[in-house]
Amino acid sequence: MSNAKAFSKIMDSNSYQGGLQDDPLIAARERMLGPAYRLFYERPVHLVRGRGTLLYDADGKEYLDAYNNVASVGHANPHVVDAVTRQLSLLNTHTRYLHEGIVDYSARLLATFPDLGADDSYQVMYACTGSEVNDLALRVAQFYTGATGVIITNDAYHGNTAAVTAISPSIGGAAVVGPHVRTVSPDLGGVDAAIADLRACGLGVSALIVDTVFSSDGIYPDPSVLGPAVEAVRAAGGVFIADEVQPGFGRTGDAMWGFDRHGVVPDLVTMGKPMANGLPVAAMAARSSVLEEFARGIPYFNTFGGNPVSMAAAAAVLDVIEDEKLVANAAEVGGALRGALTRLGDGHPVVREVRGAGLYIGVEVDSAGTAKQMVNAMRERRVLISVCGADSNVLKIRPPLVFSMADVDRFCTEFEGVLHQL
């Protein structure tokens, strides 16, 4: 039996590969947690606090966070901290008791979704992680359609339960795409062939599920590709699941949800990471007509999903997004960052393309080796980014939504310095 770790594109393209065994914290972590966990960067960062777009390590050094969309409205956002503290001092329990928080938040959340007309509406179910709600969405889709076939993109990531690992080829290693799954490129040009193959195998078409900015595939923002694919899947009896765990909550700058950019109305929507600024909150919104049969047939309960503290945090995040106009900020600041990076990369031999939407930007470079070198060089300049893409050669830039023009200037100064280093 080999002692080597399996390589995962999504986990290992920017992971610590060993060599610092004399660091007592790294050694203790590896001893206690085992080999499945990963750390970022050739020299891992030991963070102890954060504020806004900044993070601080154990030596007091300041880092610009250009990667973390979990703390989407800024690290230690005071409005979120106050809301959580107040609710935690009053009550925290589960959804089998009445509390106003989950109803009030759900009304606000669902108001951001398309109007389905008089005969249908969206309803929402809560969990703790994106993996859980993607798992739940697959179950609802299968129940509704009576089919099991699922269509995903080639390098999708949708989570780490058994069901969603089977639709997450970017995990790699021993994780295997399920026999009921067909993959297509992020331009979705192979959807018709995938539908035909699923039918020929007797699986039928249950769902097309995509992250609406195709982030793990390498960040592809083209809004023209999704509509025809969704139409084809619905014509084959399937449903469309919009995975908004990464592009949702204003990230792309055009609207609250990534699917809005594509002009499509999903049957199911999943969301998670940025939902409560670091607290584990996730949700699945579904058309009531799609959800009804599953919901009447299978009682649902999640111990921590939708608890009062989580709802207070999630509501506070909506407050900040609205009050600070963070969707517009993502469009303006993200556009400025994308433009500046395009200018810096223009004519440089390693930069192939800068693409993205809002504050979700990919810089494609000539190789995985160059990408890894640049990510670690930025880390040494105390700017944090990561890597994605089928060939692990796309720099993944996904800062908190409170990123400012001053942050853009700092980022670009360091990025230009790294280009000169190469």
Side-chain angles (χ1 to χ4, degrees), residues 6 8-11 36 123-184 191 194-195 197-199 201-212 214-217 229-230 233 236-248 266-273 275 280-287 290-306:
S8 163
K9 279 187 283 189
I10 197 168
M11 299 286 282
Q123 294 174 318
V124 61
M125 300 171 71
Y126 292 96
C128 301
T129 67
S131 297
E132 287 178 283
V133 291
N134 278 332
D135 188 305
L136 179 61
L138 292 179
R139 293 172 64 197
V140 171
Q142 183 174 340
F143 220 89
Y144 177 73
T145 63
T148 58
V150 179
I151 302 171
I152 60 170
T153 52
N154 288 333
D155 289 279
Y157 175 75
H158 296 292
N160 55 29
T161 69
V164 294
T165 294
I167 61 167
S168 298
S170 65
I171 292 177
V176 178
V177 173
H180 61 296
V181 179
R182 301 294 180 269
T183 61
V184 298
V191 165
I195 289 170
D197 191 39
L198 289 170
R199 284 174 156 174
C201 294
L203 298 165
V205 181
S206 178
L208 166 71
I209 177 170
V210 300
D211 157 3
T212 54
F214 304 94
S215 56
S216 57
D217 289 278
V230 170
V233 166
V239 298
F240 169 50
I241 304 170
D243 183 341
E244 295 286 336
V245 171
Q246 295 200 62
D267 301 294
L268 299 117
V269 183
T270 56
M271 61 206 87
K273 290 186 194 301
M275 198 167 180
V281 181
M284 179 200 73
R287 290 174 178 259
V290 173
L291 181 61
E292 183 175 10
E293 189 172 357
F294 172 88
R296 293 192 183 282
I298 300 178
Y300 175 80
F301 177 63
N302 185 303
T303 300
F304 299 110

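For the single chain, residues carry numbers from 1 onward in sequence order. When reading the values below, keep in mind they use all heavy atoms of this one structure, side chains included, and skip hydrogens, waters and symmetry mates.
A donor-acceptor distance shorter than 3.5 angstrom exists from the side chain of Ser170 to the backbone of Ala156, with no hydrogens or angles considered. Remark: the backbone N or O of Tyr126 is paired with a side-chain donor or acceptor of Tyr300 at under 3.5 angstrom. Between the side chain of Asp267 and the main chain of Val239, no donor-acceptor pair closer than 3.5 Å is present. A donor-acceptor contact shorter than 3.5 Å is absent between the side chain of Ser168 and the backbone of Tyr157. Between the side chain of Ser131 and the backbone N or O of Asn160 there is at least one donor-acceptor pair closer than 3.5 Å.
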TODO: For side chain to side chain contact (heavy atoms under 4.5 Å, CB included), just list the numbers for Ile167 and Leu138, CA-CA rounded to whole Å, side-chain angles, deciding distance to a tenth of an Å, and then say yes or no.
DONE: CA-CA 10 Å; Ile167 61 167; Leu138 292 179; 3.8 Å; yes

Task: Test log, rule side chain to side chain contact (heavy atoms under 4.5 Å, CB included), inputs Met271 and Val133 - done: CA-CA 8 Å; Met271 61 206 87; Val133 291; over 6 Å; no

- [ ] In sequence, state the C-alpha distance, the side-chain angles, and the governing distance for Val230 and Leu208, and then conclude on side chain to side chain contact (heavy atoms under 4.5 Å, CB included).
- [x] CA-CA 7 Å; Val230 170; Leu208 166 71; 4.3 Å; yes

Task: side chain to side chain contact (heavy atoms under 4.5 Å, CB included) between Thr270 and His158, worked out - done: CA-CA 10 Å; Thr270 56; His158 296 292; over 6 Å; no

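With values rounded to the nearest 0.5 angstrom, Ile209 atom CD1 is found 12.0 Å from Ile151 atom CD1. Between the CD atom in Gln246 and the CG atom in Asp211 there is a gap of 5.5 Å [rounded to 0.5 Å]. A distance of 8.0 Å separates CD1 in Ile195 from CG in Leu198, rounded to the nearest 0.5 Å. With values rounded to the nearest 0.5 angstrom, His180 atom NE2 is found 8.0 Å from Gln142 atom CD. With values rounded to the nearest 0.5 angstrom, Phe143 atom CZ is found 11.0 Å from Leu291 atom CG. Residue Ile241 holds its CD1 atom at 6.5 Å from OG of Ser206, rounded to the nearest 0.5 Å.
Nearest approach of Ala194 to Arg182, heavy atoms of both residues: CB-CB, 3.8 Å. Contact between Ala147 and Leu203 at its shortest, heavy atoms only, is CB-O, 3.5 Å. Here the shortest heavy-atom pairing between Ala137 and Met284 reads CA-SD, 3.6 Å.
Inter-residue side-chain proximity for Glu132 and Pro280 is flagged as unmet; no heavy-atom pair is nearer than 4.5 Å.
Residues Glu244 and Thr212 bring a donor and an acceptor atom of their side chains to less than 3.5 Å of each other. Remark: the Asp155 side chain and the Ser216 side chain contain no N/O donor-acceptor pair separated by less than 3.5 Å.
Crowding of Phe304 atom CZ: a count of heavy atoms from other residues, nucleotides or ligands under 6.0 Å not exceeding 12.
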